[in-house]
Amino acid sequence: MLLEAVYHRPRLNWSYAYDENTIHLRLRAKKGDLTEVFAWAGDKYAWDTTKELIPMTLFTSDAMFDYWECSSVPLHRRLKYGFLLQKEHERIWMTESDFQTTRPENPNRLFEFPYLNRVDVFTPPAWVKDTVFYQIFPERFANGDPSLSPEGVLPWGGTPQRDNFFGGDLQGVIDHLDYLSELGISGIYFTPVFTATTNHKYDTEDYMQIDPHFGDAATLKRLVDACHERGIRVLLDAVFNHSGRTFAPFVDVLEKGEDSAYKDWFHIRQFPLEVVNGIPTYDTFAFEPLMPKLNTENPEVKEYLLRVAEYWIKEIGIDGWRLDVANEVDHEFWREFRKVVKRANPEAYILGEIWHESAPWLEGDKFDAVMNYPFTDAVTDFFVNASLDAEGFANAIGKQLSRYPLQASEVAFNLLDSHDTPRLLTLAGGDKNKLKLAALFQFTFMGTPCIYYGDEIGMDGEGDPGCRKCMEWDTEKQDRELFSYFRRLIDIRSSHPALRTGSIHFLEAARQGSKLAYERRLGDDVLIILLNNEETAQTIRIDVDERNWENVFTGDTLRAERSKLTVKLPAYGYAVIKAVL
């Protein structure tokens, strides 16, 4: 037994309240080392009458470690606990301070979950688990009101550049809500809609005004109301890390220098404000002079931005915020932001843009979720780049699941591409089979999937600005078969609770392999997903319950023989098999 690999600590993703009554415990061990693990748990004030051994299950693995998990519902909301580790006939007891070969005599040196306080429970909005998001870049989605278009607007469908305009606006979105409803979308994430000078609007000029090229607050209210009538939630983009160069307080500093009343609204290293050898004398997003970094520790800045966060939820009825460059803003600001937003709407979704491991932001006091780019990387590396084999892919997914409490993983924002990345179809060299397999995994995995506008009809594009093309509305130029495929994925996901909140277990993910099989299970709702990421047909043979199984895509009935199910998949083929009761 390799005890050096065994790890646990109280709180974070290792010991946390899943809901108002349930505590989840996790333990890490060397991959394949332990054969059984038990949590030894009880009430610290009534240990002798409440102590019990709770079996732990192997809930996920990565390349190096296994992660074991169990649930406990303590009668009095307190838990004292240790672990019993078993490797065949070897038994080791783990306390907070050491490992022992004999059962500890008393609980004093065990780990502790002191009390399950309801106010501390991390509770993301439940609706997110059932939502399929659609990301819209407003300037490139649809031109619904040409009278709003900026001077020099180009004909729809031209070549996107970093500084050109095609006249997309909010009315254009309203005009195409039927399209989104037909697809099955239940959430829209908009990149910024507030007044700014660029086509992407990440250089905010006025956080309290809709950009006049998009419409006004009344237009946004009509859009939000129309979405809500269709069961579609609306998420806006908040750029609170930095403003734009034309933001009035920054203009004041540019004009008055050290005499400006707003100089402490920003991080200014020296006056005058200028760019020296490519680096501004004030902090910015990256080294972009047009995007001065806001000082969110300043009380006036904080008051202004929190008023913005509250206003658009209360007055317009948006359902949450996506937060740009969220990891560069101080944690204390986000704690206050969460309080303000949740007071305005307890069911608002708070989504941070963070591209890496994000546990510090997912402890229940800041964000509900982050944009799951580690998921994106794993999917791209396996299904597109072939730089991961099936085992490596399963390990990458397992590592990601191990990092966060379950409730955070259930509402993770899972995307294949975005306005910040090349489109997946371009990365795949135009191979729609690879796109289909990636999307199938996205829609049968834990978390909320997001489609980047146009992916569902076969739009391609390199990185910015290529990924920001005008939406294609000519149905003759749309891939309608691909559209139908995405619509079918959405329908399958919405029809099976196991795909939204069930457990996940890999059944086939071999070293140097290119086929996957994994199970999603929630009570009697059991589905097995099979994927062949190979240009040659392959057969998958897996252990299953001996019962009838149905192929969700074809309706064919499959019969397990001697608890084995054999399915032949064509090149880049797939199947979703559900248990028939």
Side-chain angles (χ1 to χ4, degrees), residues 1-3 5-61 65-118 120-123 398 401-410 446 501-505 519 521-524:
M1 192 181 298
L2 191 66
L3 297 181
V6 176
Y7 182 80
H8 174 83
R9 66 175 300 178
R11 306 297 293 180
L12 299 176
N13 54 316
W14 301 98
S15 171
Y16 62 91
Y18 177 67
D19 56 34
E20 293 185 357
N21 302 299
T22 309
I23 295 171
H24 284 183
L25 302 177
R26 291 179 180 173
L27 179 130
R28 189 194 75 187
K30 180 180 182 296
K31 191 168 186 175
D33 191 37
L34 302 182
T35 52
E36 283 189 288
V37 181
F38 298 86
W40 189 41
D43 189 288
K44 62 182 177 181
Y45 297 120
W47 177 256
D48 289 337
T49 58
T50 60
K51 62 186 178 183
E52 62 175 329
L53 285 172
I54 305 173
M56 302 184 75
T57 59
L58 180 59
F59 92 97
T60 196
S61 300
F65 302 109
D66 287 333
Y67 299 88
W68 298 79
E69 182 181 70
C70 71
S71 298
S72 175
V73 183
L75 182 61
H76 300 291
R77 313 175 72 81
R78 302 179 293 258
L79 206 63
K80 199 80 170 175
Y81 63 94
F83 300 97
L84 172 59
L85 319 177
Q86 292 193 194
K87 182 178 183 179
E88 304 300 342
H89 300 297
E90 182 181 6
R91 292 160 58 95
I92 296 291
W93 297 84
M94 180 183 182
T95 71
E96 189 175 54
S97 56
D98 60 11
F99 296 97
Q100 302 177 193
T101 56
T102 58
R103 187 194 302 257
E105 293 184 0
N106 63 62
N108 292 343
R109 295 191 179 182
L110 298 182
F111 297 96
E112 186 170 338
F113 196 106
Y115 194 81
L116 201 168
N117 293 290
R118 290 183 174 89
D120 293 332
V121 179
F122 176 21
T123 309
L401 289 173
S402 74
R403 287 171 165 171
Y404 307 139
L406 176 59
Q407 58 264 51
S409 295
E410 289 176 337
M446 185 180 302
T501 57
S503 63
I504 181 169
H505 178 61
E519 176 193 82
R521 180 185 291 264
L522 184 66
D524 292 331

Give, for atom [atom1] of [X] and atom [atom2] of [Y], the distance between the pair rounded to the nearest 0.5 Å.
X: Trp68; Y: Arg26; atom1: CH2; atom2: CZ; result: 14.5 Å
X: Thr501; Y: Arg521; atom1: OG1; atom2: CZ; result: 13.5 Å
X: Leu79; Y: Asp43; atom1: CG; atom2: CG; result: 8.5 Å
X: Asn13; Y: Glu69; atom1: CG; atom2: CD; result: 10.0 Å
X: Leu401; Y: Phe59; atom1: CG; atom2: CZ; result: 6.5 Å

[X], [atom1]: over 12 other non-hydrogen atoms inside 6.0 angstrom:
X: Asp524; atom1: CG; answer: no
X: Arg403; atom1: CZ; answer: yes
X: Glu88; atom1: CD; answer: no

Closest non-hydrogen atom pair, [X] against [Y]:
X: Cys70; Y: Pro55; answer: CB-O, 3.6 Å
X: Gly502; Y: Leu522; answer: CA-CB, 4.0 Å
X: Thr60; Y: Gly398; answer: OG1-CA, 3.0 Å
X: Lys80; Y: Pro107; answer: CE-O, 2.8 Å
X: Ser61; Y: Tyr67; answer: CA-CD1, 4.2 Å
X: Gln100; Y: Arg103; answer: NE2-C, 4.3 Å

Tell me, with the steps shown, if Thr50 and Leu75 meet side chain to side chain contact (heavy atoms under 4.5 Å, CB included). CA-CA 9 Å; Thr50 60; Leu75 182 61; over 6 Å; no
Test side chain to side chain contact (heavy atoms under 4.5 Å, CB included) applied to Met56 and Phe83, step by step: CA-CA 10 Å; Met56 302 184 75; Phe83 300 97; 3.7 Å; yes
Does [X] have any ring pair (Phe, Tyr, Trp, His ring centres under 6.0 Å) partners at least two apart in sequence or in another chain, and if so, which?
X: Phe99; answer: none
X: Tyr16; answer: His24
X: Trp93; answer: Trp40
X: Phe122; answer: none

Arg77 (side chain) donor-acceptor with Leu116 (main chain) under 3.5 angstrom: yes
Whether Asp33 side chain and Lys87 backbone form a donor-acceptor pair below 3.5 Å: no
Could you check Met446 against Leu406 for side chain to side chain contact (heavy atoms under 4.5 Å, CB included), going step by step and ending with a plain yes or no? CA-CA 10 Å; Met446 185 180 302; Leu406 176 59; 3.8 Å; yes
With sequence neighbours left out, what residues match Asn117 under side-chain hydrogen bond (donor to acceptor under 3.5 Å, both in side chains)? none
How far apart are the C-alpha atoms of Leu110 and Trp47, what are their side-chain angles, what is the distance that settles it, and do they pass the side chain to side chain contact (heavy atoms under 4.5 Å, CB included) test? CA-CA 11 Å; Leu110 298 182; Trp47 177 256; 3.6 Å; yes
Side-chain donor-acceptor pair present, Tyr81, Ser72, cut-off under 3.5 Å: no
Val37 and side chain to side chain contact (heavy atoms under 4.5 Å, CB included): which single residue from Ile54, Leu58, Leu85 fits? Leu85
Indicate yes or no: does Arg109 engage Glu96 in a salt bridge with an N to O separation below 4.0 Å. no
List for me each residue that meets side chain to side chain contact (heavy atoms under 4.5 Å, CB included) alongside Gln86, sequence neighbours excluded, and say none if there are none. Thr35, Glu36, Phe38, Leu84, Arg91
Could you tell me if the side chain of Leu34 sits less than 4.5 Å from the side chain of Asp66, heavy atoms only? no
State, yes or no, whether a side-chain contact exists between Leu27 and Met94 at a heavy-atom distance under 4.5 Å. yes
